Colleague: 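Have a look at this one before I ask anything.
Remember, it's a predicted structure, so these values are computed and weren't measured experimentally.
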Amino acid sequence: MNSTTNKVFKFFICSCLLLSSMSCASIIHGKSQDVFISSQPKGATIRVDDKDFGQTPKVLGLPRMGRMDGEPSTKKEYKITLSLEGYMPYETILQRKVDGWFFGNILIGGVIGIVIDAVTGSMYKLTPSQISAQMKMNGANVLNYKKREVFIATILKPDPSWQKIGQIEKLP
């Protein structure tokens, strides 16, 4: 082998060794994910798994594993609750799903990359990546079925001064 071919060969081998020791998802986005949380109107209290995280709008950096430090290893999601005085609470679930970058380990990262991404949680993405809650006022929801002129109103907390004129019951 001449010296140029020898240098190219060494460079190729070193590059392969370097790439095989990497983990794709860890390099691309790390073990935490920013989740943007907003509400209309703004100022709603954000709770993640019953822990206070401030008010909307806010960007939270959450571990991709779907759990905080010290939580059970079987936990795979976050329960997000937004609450604002005078409005009905908004709840959603952030779930972890396998991220496409994880499969880059098959081509580049090898077994070491797969293990690193799995242990750090980098192999996951949280979905949805942003939450935009349209807060609904505590009040009546009215449905109008025009063909038969039936109006149905539902409310969670009736005003004590209202007069009750009927109640819907489930038929047997």
Side-chain angles (χ1 to χ4, degrees), residues 23-104 114 116-172:
S23 50
C24 281
S26 295
I27 291 169
I28 299 300
H29 52 57
K31 63 182 186 176
S32 66
Q33 178 177 329
D34 286 344
V35 178
F36 179 70
I37 302 176
S38 65
S39 67
Q40 185 60 28
K42 64 183 178 180
T45 301
I46 303 168
R47 294 188 63 78
V48 179
D49 296 333
D50 296 323
K51 295 177 189 104
D52 193 4
F53 276 80
Q55 295 182 328
T56 60
K58 190 165 191 172
V59 176
L60 299 179
L62 297 173
R64 293 177 180 274
M65 290 290 277
R67 63 179 180 269
M68 305 285 187
D69 290 336
E71 292 183 324
S73 61
T74 55
K75 187 173 173 298
K76 299 175 182 172
E77 61 190 25
Y78 297 106
K79 177 183 169 188
I80 308 293
T81 305
L82 303 179
S83 57
L84 185 61
E85 185 68 33
Y87 292 84
M88 296 174 59
Y90 177 90
E91 289 186 2
T92 191
I93 300 292
L94 276 179
Q95 296 180 327
R96 75 176 195 193
K97 299 193 181 214
V98 176
D99 189 12
W101 284 108
F102 175 69
F103 298 106
I114 291 171
I116 290 171
D117 285 350
V119 169
T120 64
S122 297
M123 69 182 281
Y124 300 110
K125 66 179 174 182
L126 298 173
T127 59
S129 61
Q130 68 178 16
I131 298 167
S132 181
Q134 298 297 317
M135 307 295 285
K136 293 184 179 182
M137 295 185 76
N138 278 335
N141 292 322
V142 179
L143 302 174
N144 179 2
Y145 294 98
K146 291 185 178 183
K147 291 182 180 178
R148 297 197 177 136
E149 294 300 318
V150 174
F151 293 87
I152 301 172
T154 59
I155 189 161
L156 294 176
K157 296 179 183 176
D159 186 326
S161 66
W162 292 353
Q163 180 182 3
K164 182 177 178 181
I165 59 170
Q167 182 169 327
I168 299 174
E169 293 182 6
K170 185 178 179 180
L171 295 174

Colleague: Got a second to check how far T92's OG1 is from I80's CD1, nearest 0.5 Å?
Modeller: 8.0 Å
Colleague: Within a strict 4.5 Å, meaning less than it, do heavy atoms of the Y90 and S132 side chains meet?
Modeller: no
Colleague: L84 and P41: which non-hydrogen atoms are nearest, and at how many Å?
Modeller: CD2-CG, 3.6 Å
Colleague: If you define the side chain from C-beta out and look only at heavy atoms, does anything of L62 sit under 4.5 Å from Q33?
Modeller: no
Colleague: Once rounded to the nearest 0.5 Å, what's the spacing between atom CG of L126 and atom CD1 of I93?
Modeller: 12.0 Å
Colleague: Rounded at 0.5 Å granularity, tell me how far NZ in K42 sits from OG1 in T56.
Modeller: 9.0 Å
Colleague: Return the CD to CE distance between Q40 and M135, rounded to the nearest 0.5 Å.
Modeller: 10.5 Å
Colleague: Flag the pair L94 / P128 as yes when at least one side-chain heavy-atom distance between them is below 4.5 Å, and no otherwise.
Modeller: yes
Colleague: Quick check against the 3.5 Å criterion: does K58 have a side-chain atom that pairs as donor or acceptor with the backbone of F53?
Modeller: yes
Colleague: Nearest 0.5 angstrom please: K79 NZ to D49 CG, how far?
Modeller: 8.5 Å
Colleague: Taking the side chain as every heavy atom from C-beta outward, state whether L82 and I46 have any atom pair closer than 4.5 Å.
Modeller: yes
Colleague: Please round to the nearest 0.5 Å and tell me the distance separating atom CD of Q134 and atom OG of S39.
Modeller: 8.5 Å
